[in-house]
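Accompanying notes for the structure given below.
For the numbers below, each heavy atom of this structure counts, side chains included, while hydrogens, waters and symmetry mates do not.
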Amino acid sequence: MGIQIGVDLGGTNVRVATVDGQGTIEQMLQEKTEVEKGYEYTIEKIIRMIEKISEGKEIDRIGIGAPGPLDPRKGVILSPPNLPGWEEVPIVKELEGHFSVRVQLENDANVAALAEAKFGAGKGKESVFYITVSTGVGGGFVFNGTVFSGAHGYAGEIGNMIINPNGYQYSNLNKGSLESYASGTAIGKRALELYGIEGGSERVFELVSAGDEQALRIVNEAIDYLAMGIANLAHVLNPEVFVIGGGVMNAGELIWVPLQERVSDYLFPGLAPHLQMRPAELKGDAGVIGASLLG
């Protein structure tokens, strides 16, 4: 049996790893994506990295986690905001043509969800909804060990969920979207606009820890809207567990305690006692581990 290779393609870095059957990374390479040099350059780089890490070994399959929007069925990256110039890029066809093995493409949040469901905080659960709260907000739903991508690959794009139709907008998504309220980008921009607080979301959380009332108002607003989003998902999908990760969640108890309380406020009374939320366990490795599980 050959090796399983995961590719984590991001706007800043691309990582390629071999992963064993227990979700342990055996070897990993990382290089800058260098999107400004064009997608052909980056694909050639990925090919070279795969060749290096698989030297002398047979490849069983290759999985790629990449930013959306993308079409996992056609293996095409469509037009992701953080991969400028990547328009209708048939990355699966390119890699299959070179390596003559099965290659599968999936949204980066979905592959992270798959990793957390199999080896992380959702291990042993039939249904897992993964949420990442970072620069943006993304999600992925795993049922019986399989990612649910939807009919056209857009399932789990919760950042575009409208939670306040008259709200503000801090991304290219819908006005009043979840990402425009709960993401690290939104927290930082909102604090700057309202109170002149510079330094992004990290500085905002530092000020919250120091007891700053203005920063606390910004964070409380973000937590409240994130709670609404989670409650909406709970009523639609009722997963066994929500696994929540991303840089914003590194604020720890500053978010976790009030978030759990507020989610319960928005749920049916009979559902609230059953809701489980857990912090993600695999951190930055979830993407490359989950990509290796595709196929």
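- Nearest approach of Ala186 to Glu179, heavy atoms of both residues: CB-O, 3.6 Å.
- Counting non-hydrogen atoms of other residues, nucleotides and ligands closer than 6.0 Å to CD of Glu36 gives a total above 12.
- Tested against Ile197, the residues Val204, Ile218, Ile187, Leu192 include a single side-chain contact (heavy atoms from CB on, under 4.5 Å) partner, Val204.
- A side-chain N or O of Glu157 and one of Asn107 form a donor-acceptor pair less than 3.5 Å apart.
- For Tyr225, the ring-ring contact (aromatic ring centres under 6.0 Å, His included) partners at least two apart in sequence or on another chain are Tyr181.
- Under a hydrophobic-cluster definition in which Ile, Leu, Val, Met, Phe, Trp and Tyr are linked whenever side-chain heavy atoms come within less than 4.5 Å, directly or via other members, Val248 and Phe242 are assigned to the same cluster.
- When the side chain to side chain contact (heavy atoms under 4.5 Å, CB included) test is applied to Glu202, no partner is found at least two apart in sequence or on another chain.
- Ser177 and Gln169 are not linked by any side-chain donor-acceptor pair at a separation below 3.5 angstrom, with hydrogens and angles left out of the test.
- Placement of Phe141 and Ile131 within a single hydrophobic cluster is found when ILVMFWY residues are connected by side-chain heavy-atom separations under 4.5 Å, directly or transitively.
- The two residues Leu105 and Leu294 make their nearest non-hydrogen contact at C-CD1, 4.4 Å.
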Walk me through whether Tyr195 and Arg217 qualify under side chain to side chain donor-acceptor pair (under 3.5 Å). CA-CA 11 Å; Tyr195 305 117; Arg217 281 196 287 272; 3.1 Å; yes
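- Residue Tyr154 shares its hydrophobic cluster (ILVMFWY side chains chained together at separations under 4.5 Å) with Val76, Leu78.
- Counting only N and O atoms by type, the side chains of Glu51 and His98 include a donor and acceptor under 3.5 Å apart.
- Counting non-hydrogen atoms of other residues, nucleotides and ligands closer than 6.0 Å to CD of Glu40 gives a total above 12.
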